[in-house]
Protein chains: 2
Amino acid sequence: MLTIGSLAKKTGTKVQTIRYYEQIGLMPEPGRTGGGQRRYGDAELDRLSFIRHSRQLGFPLDVIRELLDLSDHPDKSCDEADAIARRQLKQVEQRLARLKALRTELKRMVHECSGGRTADCRVLEVLRDHTECLTQHDQMGA
Amino acid sequence: MLTIGSLAKKTGTKVQTIRYYEQIGLMPEPGRTGGGQRRYGDAELDRLSFIRHSRQLGFPLDVIRELLDLSDHPDKSCDEADAIARRQLKQVEQRLARLKALRTELKRMVHECSGGRTADCRVLEVLRDHTECLTQHDQMGA
DNA sequence: GCTTGAACCTCCAGCCACCAGAGGCTTTAT
DNA sequence: ATAAAGCCTCTGGTGGCTGGAGGTTCAAGC
């Protein structure tokens, strides 16, 4: 039987985060001691590990909910999980592309700045005038 | 003289966002009509363009505040603006590296999944067992 | 058995950078 | 004169947590 603190340590989660997951129904309500403290077993450890690992891979919580549901039904088709992972991959690739464009632009700013007064600062100049940008970096989100 | 709506259109900003910027002191309080509607001039247009462009390059609002301040004082040294841009570049590069690791992992998951029941799903299996990961993808943040 | 101190409890507020909607007023065009 | 588009303020929500206040419980040492 694990306390919330040791569960937190084992999974690299903050205690508050575990309580938060319980609050939004992502983690089940665990058993309690007579005094009202939470106690966890192996099932909860596995579930939390799954959640944390999915988070590290960038899946949002509502998607993780779906993945957990799939994982709880071993006879369902795998297609859905596969589709979710593919979507995530696509998003990661889009974000990569955007970040690369940003990097290019920032590098250019920094390289062209040769010190001096801010009046002649290349960094500020580029920020002032969007038309100087070579790359398109329209919406962010990452 | 621009209405808030036309300023929004020109800069690709939502109207509410402009009011938000005003509320947090990033944009100045503009002049008003007799009826209380905001009217903007070219200075505000320039300032908002600067803000939006900086946002697109991923600078957070408090950093943009610094950049605006530097831009308002043409005789200050350029070093600070340069340092800010370099920091941002570094952060972008870190995020790129993390995203690349994620992409690798997601690709592997997707490639290894050959359909079937969720019980045998490679995607779910990898999520369950972190030790199968080749790459380290510790904290996210993007 | 008693005391200490670490870990637990609940509840509330805040972070970032907005976005949406309710309910009402102003402007502009016809 | 009227209509509709756009403006106003104010409130509350988003995602995914994180921190703190103020109080209780647990486990270990004496």
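Here is the naming used below: chain letters follow the sequence lines, and residue numbers restart at 1 for every chain.
A salt bridge links B/Glu125 with B/Arg122: the distance from a Lys NZ or Arg NE/NH1/NH2 to an Asp or Glu carboxylate oxygen falls below 4.0 Å. Using a 4.0 Å cut-off between a side-chain N of Lys or Arg and a carboxylate O of Asp or Glu, B/Arg19 and B/Glu22 do not qualify as a salt bridge. Checked for salt-bridge contact, B/Arg47 and B/Glu44 miss the test: no charged N lies under 4.0 Å from a carboxylate O.
Listed by residue number, the members of residues 1-14 of chain A with any heavy atom below 4.0 angstrom from DNA chain C are A/Thr3, A/Ile4, A/Gly5. Applying a 4.0 Å cut-off to non-hydrogen atoms, the residues of residues 22-44 of chain B that approach DNA chain C are B/Thr33, B/Gly35, B/Gln37, listed by residue number.
The nucleotide whose nearest atom lies closest to any side-chain atom of B/Val15 is, among D/dC7, C/dA17, C/dG21, D/dC7.
One interatomic measurement links the two molecules: CD of A/Gln56 to P of D/dC17, which rounds to 11 Å at whole-angstrom precision. Summarising the geometry, the separation between CG on A/Asp62 and C1' on D/dC17 is reported as 15 Å, rounded to the nearest angstrom. Per the geometry, CD1 belonging to A/Ile18 stands 16 Å off C1' belonging to C/dT10, to the nearest Å. B/Ile64 places its CD1 atom 13 Å from the C1' atom of C/dC18, with the value rounded to the nearest Å. Rounded to an integer number of Å, the gap from A/Ile51 CD1 to D/dG15 P is 16 Å.
Within the 4.0 Å cut-off from OP1 or OP2 of D/dG15, not a single side-chain nitrogen or oxygen of A/Tyr20 is found. Residue A/Thr17 places no side-chain N or O under 4.0 Å from the OP1 or OP2 atom of D/dG16. Taking only side-chain nitrogens and oxygens, B/Tyr21 never comes nearer than 4.0 Å to OP1 or OP2 of C/dA17. The phosphate of D/dC7 (OP1 or OP2) has no side-chain N or O of B/Arg19 nearer than 4.0 angstrom.
Smallest separation of non-hydrogen atoms from A/Val15 and A/Ala8: CG2-CB, 3.9 Å. Looking at every heavy atom in both residues, B/Thr118 comes nearest to A/Ser77 through CG2-O, 3.3 Å. Listed here is the closest heavy atom pair of B/Leu7 and B/Leu45: CD1-CD1, 3.7 Å.
A/Arg52 comes within contact range of the sugar-phosphate backbone alone, with a heavy-atom separation under 4.0 Å but no base atom that close.
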Please set out all donor-acceptor pairs under 3.5 angstrom arising from side-chain atoms of residues 61-68 of chain A, sequence neighbours excluded.
from: A/Arg65; atom 1: NH1; to: A/Ile24; atom 2: O; distance (Å): 3.1
from: A/Arg65; atom 1: NH2; to: A/Ile24; atom 2: O; distance (Å): 3.2

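Here the side chain of A/Arg55 pairs a donor or acceptor atom with the backbone of A/Phe59 at under 3.5 angstrom.
Open room surrounds CG on A/Asp42; 12 or fewer heavy atoms of other groups in view lie less than 6.0 Å from it.
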